Each structure stands twice: as C-alpha cells, then as structure tokens.
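Please read the structure below before turning to the comments.
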There are 2 protein chains.
Amino acid sequence: MFVKAEWSCNLSAKLDLLAAFAEIARGLGNAHRLDLLEHLAQGEKGVETLAAKSGLTVANASQHLQALRRVGLVVGERRGKQVVYRLSGDDVLDLVAALRTVGERHADSVKAVVRDYFNERDALDAVAFQVLEQRLRDGLVTLLDVRPPDEFADGHVPGALNIPLADLKARLAEIPSGAEVVAYCRGPWCVLAFEAVALLRQTGRDAKRLDGGLPEWRRAGRQVAGPPAI
Amino acid sequence: MFVKAEWSCNLSAKLDLLAAFAEIARGLGNAHRLDLLEHLAQGEKGVETLAAKSGLTVANASQHLQALRRVGLVVGERRGKQVVYRLSGDDVLDLVAALRTVGERHADSVKAVVRDYFNERDALDAVAFQVLEQRLRDGLVTLLDVRPPDEFADGHVPGALNIPLADLKARLAEIPSGAEVVAYCRGPWCVLAFEAVALLRQTGRDAKRLDGGLPEWRRAGRQVAGPPAI
DNA sequence: CGAACATTCAAGAGAGTTCTTGAATGTTCG
DNA sequence: CGAACATTCAAGAACTCTCTTGAATGTTCG
C-alpha cells in the first residue's frame, strides 16, 4: 500500500507547537517530579522542605523544581532567604488527575503495583466526597487526616482529626470507637491513607480511604479549614 | 533550617506507582507521538497511513506507536496483513486536552510559537461549538472541513463542506459567498484550519476557526456524520 | 562588613531516548 | 509453497536526562 505524504503545509509550526506541549509532558515524566507536585498541591513550600518530604538531596530537588518551572508547571518566588514554590494553577491539578485516570484505566504497570503493594479491595473501596459529607452530618463517621502536622496546619477538611501515620499505632485510643473511620492524606494515591486503613483494619476497626486527598477536596470547591486561603 | 525526613513508610510502593504514571507522561513527551495521537483521534489507522500523515519513516512510526502502546495510550490490533492502532479510550483525549490547557496558559514556549507562526488574533478569535450550532441553524454560516478526504469520510460534523487545505485555493468558488466561513480540522492546534482562515481572509472572506476539531466535537457528545460509529 | 544560610550552578558518569539502516517476522494471495 | 506485503526487531551513533559532588550566588542578621 502506498500512501501519499500529506505534510506539505507548515509542518515546522505544528511540530514546534507539539514540541512545546511535549516538553510539558516530559516535565511530568519523572516519579520524583510527580511526587514534588503532589507535595506542592498541599500548599506552597520551600526547596529544603520539599527535598526532605520527598527524600531528595537539596541540589537534586532544586534541579527538579527548576525543570518544573521551566515548563510552567510551578512558579517560584524568592521570599527573603528562601525560594518558595507553588503550583502555577489549578489546571496543573487537572492535568495530573487526567494522567492518573489514564493510568488507572489502561496501564498494566499501575495495576501491577496496586496488586503488589496494596490490597486490591482497599484500592477500590474508597468513599466519595458526597458520601463522606452525608455521614459526617449524621455523625456516623470519624474523619482522619494522616498527614504530618505541618500539612494539616496548612489546610484540612473541616472536622478532621489529625493523627500522622507515624503516630497512629500509639494514638489509636484517640479515635472514637464504634463509628466508621475514613482516612485521607495527600491525594488518591498517597500511601499514607492506604497504610492507615490497613493498620486500622488489623485492629478491628471499620476503616476506609477517602477517594481523593486535600487537593482534590479543595479543587472540588469544598470548604477547607485551618490556613489562610491560597 | 533543618527538616526531618518524613518518608519513613512504604516509599518504594509510592515511587513505583509514580514511576508508572511518569512513564505514561513520557509517552506524551515527544512531538511526533503527540502528532500520532492527534491523527488517531480522527479514527483508527494503520502504521503506514500514520507514518505518511506525520512524515515519519514506517519503522520510526512503528517504534513510536509501540511506545504509546507500552504505556497504554493506544491499542493495536492485527487485522489481516495490517496492524490497526486506535486510542485506548476517551480519557486519552481528556489527558491531551489537559496538557494543552496547561500549555496554553503557562508555557512561554507555546505563546512564542503562536506569536511567531500564527496571527495572534486568529488564535484567540475562535468560534465555540454552541455558537456554531446556532448560526448553522440560522443559515448564517458555511462550515468548512479542511482535512484530507479520507479523514472526512471517517467522520465529520454534519453539514460540513469538505475542501482539503491543499485544494482550497483552487476551489474557492465552491464556498457560498456572503455567509461567514468557519473552518475546522483535527483539533484546536491543527495548522490546517489556521492556514485556511488566513487564506480565506486574504481573499476578503469573513472567516474564523472553530474552537476544536472533530475529536473534540465527538467528545462533547455531538452527532458525527459519515462513518460507522467507533 | 563578614558569617550563616538557602538555593543554584557546573561538570561529569551512567542511563535512557531517538533516529537510521537493514534484516527478520508474520500474513495473505496466487 | 513462495512471492509480496505490512510491520517489527536489532544494533549503533548522537543526543538528552538524572544524580552526585563541590563550588558559587544571593540574602539576612549580628
């Protein structure tokens, strides 16, 4: 079969444009950078904080942040001695969410990781925002924020109880017994909530993950308690 | 400032998961692959067709398609002698759309390309689907599909007139005079419609781009004429 | 000003990506 | 079966990405 070439027209304009979009995609094309974006989705942060939270050296985190800034996914602002980074807009959250949707639906590698590391039932058995709100109103549920206290302080779902995952074992007594527990953390794939649910179930509690973390809650236009608004 | 490391928990699970998503992002991270996705958004196609349409060698196109298939963005199916590829789902269109949104809003490089190659006014001055539908009903507008005939045959907006960009100069007489002309092609950034509008304006017509191509029209749940539905 | 601090720059080793070329595989048709 | 066809594989050159290390830059505070 012979097919005539059809790219007679302004090919370089098109390729330049697509190359610009491709550059943005490559900005997302690294696990550490996706991790940094998840942390930045909780709120703006300095380089050293981000490096510590994502387990990178400061120099390396700085380079990744500059890569993200170069393609416009984050913006950095000098504030005194520090440079504070934040997401450049809500559309970045939408982009990462779209990436996750495709990944969940299609990529075998994602399915394999979920199967290997998480209980597959836990992954599917997440509570939607609307359901949570209904049960919170009815007092049927304890909402647990398992992120570190600094992120909790920067903003959290109203009514949530903050017990970081690291302390959860020691502070089980603080969780009212009887009611169902719903845990959330940084996002739909943040491991903190997965592990919290696993631990709570081991101790005989009725625990579920919230389907989405604080950034998704905020993005859905819900009220956020605690911080000065962005 | 000293920040305690916080990644005590199941770090590798998280990084594996993020790496899987990053791999998908890298799948989008190449201009030729984005081009291939745009062509596939028009409808399923064989390797040789795609290679011709995007100006790649067959071997190279095959490799890019396999890269896309590896990360689950497209699926390929052997059909007799040919292997026919198609997008793996509508969420892929949503992902590319999200990428475009971020690019348009944030990336300087995108703005630079638009400024250099296109008339900035043309880029902004696009007609929304709803506006088009209203004017089509009122008979105030001629809708022009400037894609090659094979893609038109695979599906087009009902009522559109097909004049490929390459033939447009020679076939100007076929376009009813008086009415405004709205041109569309493969997507919001497909150059065909940009160039058609530029050409039509040079000849004194009142021409505008449609804000989105056939894939976006289809994705918005509108009726598509011509083909067997996907 | 000089010390302390937060971040960035620069260079280099190692790994991954992309394109080209030519050969190999799998499918159909005479 | 063998020829023709469509696609994929394999290998290599050029290029880009990532992480590490140590030095350089810019900012504040005493």
Side-chain angles (χ1 to χ4, degrees), chain A residues 1-4 7 11 15 18-20 22-36 39-40 44-71 73-86 109, chain B residues 1-4 7 11 15 18-20 22-36 39-40 44-71 73-86 109:
Chain A
M1 176 186 177
F2 179 76
V3 182
K4 195 188 71 181
W7 33 283
L11 183 62
L15 276 186
L18 292 178
E23 217 173 337
I24 298 172
R26 278 200 303 273
L28 297 173
N30 175 284
H32 291 306
R33 285 199 292 273
L34 289 177
D35 193 23
L36 290 169
H39 288 297
L40 286 173
E44 55 178 36
K45 291 187 171 48
V47 177
E48 198 173 352
T49 310
L50 286 163
K53 281 188 187 290
S54 52
L56 299 170
T57 65
V58 170
N60 198 5
S62 173
Q63 281 183 196
H64 280 304
L65 288 165
Q66 282 170 77
L68 290 170
R69 181 160 59 178
R70 202 179 314 127
V71 299
L73 289 165
V74 309
V75 292
E77 180 197 348
R78 181 131 223 158
R79 205 174 291 167
K81 244 186 270 200
Q82 284 193 102
V83 175
V84 175
Y85 283 91
R86 62 174 185 278
S109 44
Chain B
M1 176 185 179
F2 178 75
V3 182
K4 196 187 69 182
W7 31 284
L11 184 63
L15 277 186
L18 292 178
E23 216 174 338
I24 298 172
R26 278 200 302 275
L28 297 173
N30 176 283
H32 291 307
R33 285 198 292 272
L34 289 177
D35 193 23
L36 290 169
H39 287 297
L40 287 173
E44 56 178 36
K45 292 186 170 50
V47 177
E48 198 172 353
T49 309
L50 286 163
K53 282 189 185 289
S54 51
L56 299 169
T57 65
V58 170
N60 197 5
S62 173
Q63 282 184 196
H64 280 303
L65 288 165
Q66 281 170 77
L68 290 170
R69 180 162 58 180
R70 201 179 315 127
V71 299
L73 288 166
V74 309
V75 292
E77 181 197 348
R78 181 129 223 160
R79 205 174 293 166
K81 243 185 270 199
Q82 283 193 103
V83 175
V84 175
Y85 284 92
R86 62 174 184 279
S109 45

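Residue numbers start from 1 in every chain, and the chains themselves are labelled A, B, ... in the order their sequence lines are given, proteins ahead of strands. Please read all numbers here as calculations on a predicted model, not as lab measurements.
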Tell me: CZ of R33(A) to C1' of dC19(D), nearest whole Å?
12 Å
Rounded to whole Å, please give me the gap between CG in L34(A) and P in dT18(D).
11 Å
Check whether any side-chain nitrogen or oxygen of N30(A) sits under 4.0 Å from OP1 or OP2 of dC17(D), and answer yes or no.
no
Taking all non-hydrogen atoms of both residues, which atom of H39(A) and which atom of K45(A) are closest, and how far apart?
O-NZ, 3.5 Å
Spacing of L28(B) atom CG relative to dT17(C) atom C1', expressed in whole Å
16 Å
Hey, does the side chain of H64(A) come within less than 4.0 Å of dC17(D)'s phosphate (OP1/OP2), counting only N and O?
no
Who are the side-chain contact (heavy atoms from CB on, under 4.5 Å) partners of R78(B), not counting sequence neighbours?
V83(B)
CD of E77(B) versus P of dA6(D): gap in Å, rounded?
18 Å
When rounded to the nearest 0.5 angstrom, what distance separates CG in N30(B) from NE2 in H64(B)?
4.5 Å
Write down the distance between CG (L56(B)) and P (dT7(D)), rounded to a whole number of angstrom.
14 Å
Look at S62(A) and dT7(C) and indicate whether a side-chain polar atom (N or O) is within less than 4.0 Å of OP1 or OP2.
no
Dump every N/O contact between nucleotides 20-23 of chain D and the protein below 3.5 Å, one line per pair.
unit_1: dT20(D); atom_1: O4; unit_2: Q63(A); atom_2: OE1; d: 3.2

Counterpart residues, side-chain contact (heavy atoms from CB on, under 4.5 Å), relative to A31(A) (two or more places apart):
L15(B), L18(B), A19(B)
Encode nucleotides 25-30 of chain D as B, S and - characters from 5' to 3', where the letter depends on protein heavy atoms closer than 4.0 Å: B to the base, S only to sugar-phosphate, - to neither.
--BS--
5'-most by nearest nucleotide on DNA chain C - R26(A) or Q66(A)
Q66(A)
Can you check whether L65(A) reaches L40(A) side chain to side chain, under 4.5 Å on heavy atoms?
yes
Toward the 5' end of DNA chain D, which comes first, L65(B) or H32(A), by nearest nucleotide?
L65(B)
The reported gap from CG in L36(B) to CG in L73(B) (rounded to nearest 0.5 angstrom) is 11.5 Å
What are the two closest non-hydrogen atoms of A22(A) and L34(B), and how far apart are they?
N-CD1, 3.6 Å
Just verifying a value: how many Å separate Q82(A) CD and T49(A) OG1, rounded to the nearest 0.5 Å?
6.0 Å
Atom pair distance, as rounded to whole Å: CG in L15(B) and P in dC19(D):
10 Å
Applying side-chain contact (heavy atoms from CB on, under 4.5 Å), name anything that partners A67(B), two or more places apart in sequence or on another chain.
R33(B), R70(B)
Would one find a side-chain N or O of R69(A) under 4.0 angstrom from OP1 or OP2 of dT7(C)?
no
Measuring to OP1 and OP2 of dT8(C), would you say a side-chain N or O of Y85(A) lies under 4.0 angstrom away?
yes
What is the distance from atom CD1 of I24(B) to atom CG of L68(B), rounded to the nearest 0.5 Å?
11.5 Å
Locate the shortest heavy-atom distance separating E23(B) from V71(B); write the atom from each residue and the value.
O-CG1, 3.5 Å
Once you round it to whole Å, what is the distance between C1' of dC9(D) and CZ of R70(B)?
12 Å
Rounded to whole Å, please give me the gap between CG in L68(A) and P in dC17(D).
13 Å
If an axis is fit to five pairs at each end of the helix from dC1(C)-dG30(D) to dG30(C)-dC1(D), what is the angle between the two, to the nearest 10°?
20°
